[in-house]
2 protein chains.
Amino acid sequence: MVTINDVARRAGVSVSTVSYTLSGKRTISASTRARVERAIAELGYHPHAGARALASARTNIFALMAPLRPDVDVSVIMQFVTGVVTRARTADYDVLLLTQDEADGVGRVGSGSLVDALILMDVESDDPRIPQVAALRQPTILIGLPEDARGVSCVDFDFEAAARLSLRHLTALGHRNVALIGPPPAVIARHTSYADRLLRGYRAQAEHDGVGCVIEPAGTAPGEAVAALDAVLTQVPELTGLVVHNEAALPVILATLRDRGRRVPEDISVVALAPADVADAQPVPITAMDIPALNIGQVAVDMALARLRGSDTVETRLIAPTLHERSSTAPPR
Amino acid sequence: MVTINDVARRAGVSVSTVSYTLSGKRTISASTRARVERAIAELGYHPHAGARALASARTNIFALMAPLRPDVDVSVIMQFVTGVVTRARTADYDVLLLTQDEADGVGRVGSGSLVDALILMDVESDDPRIPQVAALRQPTILIGLPEDARGVSCVDFDFEAAARLSLRHLTALGHRNVALIGPPPAVIARHTSYADRLLRGYRAQAEHDGVGCVIEPAGTAPGEAVAALDAVLTQVPELTGLVVHNEAALPVILATLRDRGRRVPEDISVVALAPADVADAQPVPITAMDIPALNIGQVAVDMALARLRGSDTVETRLIAPTLHERSSTAPPR
DNA sequence: CCGAGTTGTCGAAGCGTTTCAACACCCTAA
DNA sequence: TTAGGGTGTTGAAACGCTTCGACAACTCGG
């Protein structure tokens, strides 16, 4: 194993000089720097992560706690993860992947100084992890918005506003017989933060616009999506407007609508909450509130970095929704 | 920050005694152990990961290099990842998530002693990472099977056998007009290991059974799947048997078949290569070679652990396919 | 030509563990 | 009674890095 000592000897300088060339925390003459860098390249030196962590109290690792469970929508999760990992790397950070189902994962990686900051996904309205991270030295960023966010920074898509806007888009077009096909029942039962806010927004807007409030959760399996749609059609036979927030269900619902003889948008208008690529890739491009999942992951990292640089402002950032009109909405006939 | 010193003082023993109680590498009397454990609990002590790594040359971290690109099938990837992470945790290992697109990620985490072993996904037939990991002190497990696997352990689903079996299932039923809808063009162009083996197996079996060999790649977007299916139907108008290996395309293809007036399995038999839950969740449960992605991830971890325990046997494990008959195949009329 | 900065380099003291060699103790067999 | 062999515990030396304070060698204004 090649150490900083080997580099120093080879370059004819002291160990500390090598360290300072690497970190840039002191000025180093151009010629010295060059010799050190050559030695590093020749020896193929990589600093020992553990030693570095011990001496500097920094690991350059983030913990990302992601929901590796079947009931959440994999493609969106992946986008968050991708956003986090790629942005972290640009700041020379690595990402440690944790699951929810370890009881004290937070304490272990936090108190054990394994990571410099934590990013938590799939936040619930009253999330048990919040007191845990609050006890930590490391800053934490939540992707999601709990009821009580004291002391932790949050970032998320503004699902409440998104739900309101989606419905308003339909009612503004003149639709009165509308419904929402929402997240899986399990997600709602857990009071996952986004689901709570989504439903709250939808209910408020339905009341505000004076339309009936029909909400049907849908599981991730195709059969469940069909069942949910049929349940909606039973409750609202005259249905002309549908809001869908459920990645997995979207294609199935569109296919089933066709099966049932309902054309989109002539008979039924559909608004989705989904990443742009998903909405765009459907047989009929879907008018949607684009969920910028990749971007939210990146913002989470940026907030973590800011905190590590000393900013102690705990903030909540809600990404405002923008409705992207595609071909799936029209006035009712 | 509470250190092993604090624990030792509190328990009235030496630092090394605490260390040995934690590691179990020396016998400790029951009474001492109890005192130490109480001190640990009372102080909420967690060993410092960096210090531990430095002293023991072990980090208890695996690197998992996963394809965070859009053209691979997210749901299968997620299953691999989930299998790896959960199994790793049962052995007290954490998982560091790396992407492919960092040039020397392998060297950085390997030479930097950040991880004890590496697990590489999305392996290509002639993967440039193989020489990199070969130069490392740490063992590496590939999920996939490159052309030249010297020195590295591999584990994967036997896609070649799976393709042969799928096709043979159709020909044995009497189908002569068959086709394969395969992975996205980009995956094939990169010579992703599984795609290479899949096509090889299919071609061999087609020749062996004396049926035409029609292969159509399909992108992940719904539109592309439709296009692929139509291309197949143009080339083989009398089509009665279809093998599909493409998670994302499967539901779309089934829907489109219905649109085109072809019933499954009365008019067209469909065999898929897909995880059991995906195959099972379709409107018509699909006869499939179940891809045990979760399990493969776990096996990868087990192989890594074995190597870390000193076994230096470099092995290649191919998980044999088993055909699970559901309702999507029947003899041609 | 002197003193005060400025710049570039160095030595050494940690950082919190693990682990090796040593040792004290008790038990047993001779 | 003593030698010999476990048991259980300890002190101290690593492990490879960062960082602080010190200092030599310059530069520059007065």
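Numbers restart at 1 for each chain; the letters A, B, ... are given by sequence-line order, proteins then strands. Atoms considered below: every heavy atom in the structure, side chains included; atoms not considered: hydrogens, waters and symmetry mates.
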Within the structure shown, what part of the strands sits under 4.0 Å from [X] by heavy-atom distance: base, sugar-phosphate, or nothing?
X         : value
Val13(A)  : sugar-phosphate
Ser56(B)  : sugar-phosphate
Ser113(A) : nothing
Thr3(B)   : sugar-phosphate

Considering only heavy atoms and no angle criterion, is a donor-acceptor pair shorter than 3.5 Å present between the side chain of [X] and the base of [N]?
X        : N       : answer
Tyr20(A) : dC20(D) : yes
Ser16(A) : dG11(C) : yes
Arg26(B) : dT9(D)  : yes
Tyr45(A) : dC17(D) : no

request  = Between dT18(C), dG14(C), dT7(D), spot the one nearest the side chain of Thr27(B), thanks.
outcome  =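 Per side-chain heavy atoms of Thr27(B), the pick is dT7(D).
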
key: Candidates dT19(D), dC17(D), dT19(C) - which lies nearest the side chain of Ser19(B)   =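 Nearest nucleotide to the side chain: dT19(C).
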
Write down the distance between [atom1] ([X]) and [atom2] ([N]), rounded to a whole number of angstrom.
X         : N       : atom1 : atom2 : value
His48(A)  : dC15(D) : NE2   : P     : 11 Å
Lys25(A)  : dT9(C)  : NZ    : P     : 18 Å
Ile28(B)  : dT7(D)  : CD1   : P     : 14 Å
Arg137(B) : dC15(D) : CZ    : P     : 14 Å
Arg58(B)  : dT19(C) : CZ    : C1'   : 15 Å
Ile40(A)  : dC17(D) : CD1   : P     : 10 Å
Asn60(A)  : dT18(D) : CG    : P     : 11 Å
Arg9(A)   : dG11(C) : CZ    : P     : 13 Å

query = DNA chain D: Thr32(B) or Ala51(B), which has the more 5' nearest nucleotide?
reply =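 Closer to the 5' end of DNA chain D: Thr32(B).
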
Could you pull out the closest heavy-atom pair between [X] and [Y], with the gap in Å?
X         : Y         : answer
Pro146(B) : Cys154(B) : CD-SG, 3.9 Å
Val123(A) : Ile143(A) : CG2-O, 3.5 Å
Thr21(B)  : Arg33(B)  : CG2-CA, 3.7 Å
Ala103(B) : Gln132(B) : O-NE2, 3.7 Å

query = Are OP1 or OP2 of dT10(D) and a side-chain N or O of Thr17(B) less than 4.0 angstrom apart?
reply =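 Checking Thr17(B) against dT10(D): at least one side-chain N or O falls below 4.0 Å of OP1 or OP2.
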
task = Have a look at Phe157(B) and tell me which of Ile296(B), Val76(B), Leu145(B) forms a side-chain contact (heavy atoms from CB on, under 4.5 Å) with it.
result =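 For Phe157(B), the side-chain contact (heavy atoms from CB on, under 4.5 Å) test succeeds with only one of Ile296(B), Val76(B), Leu145(B), which is Ile296(B).
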
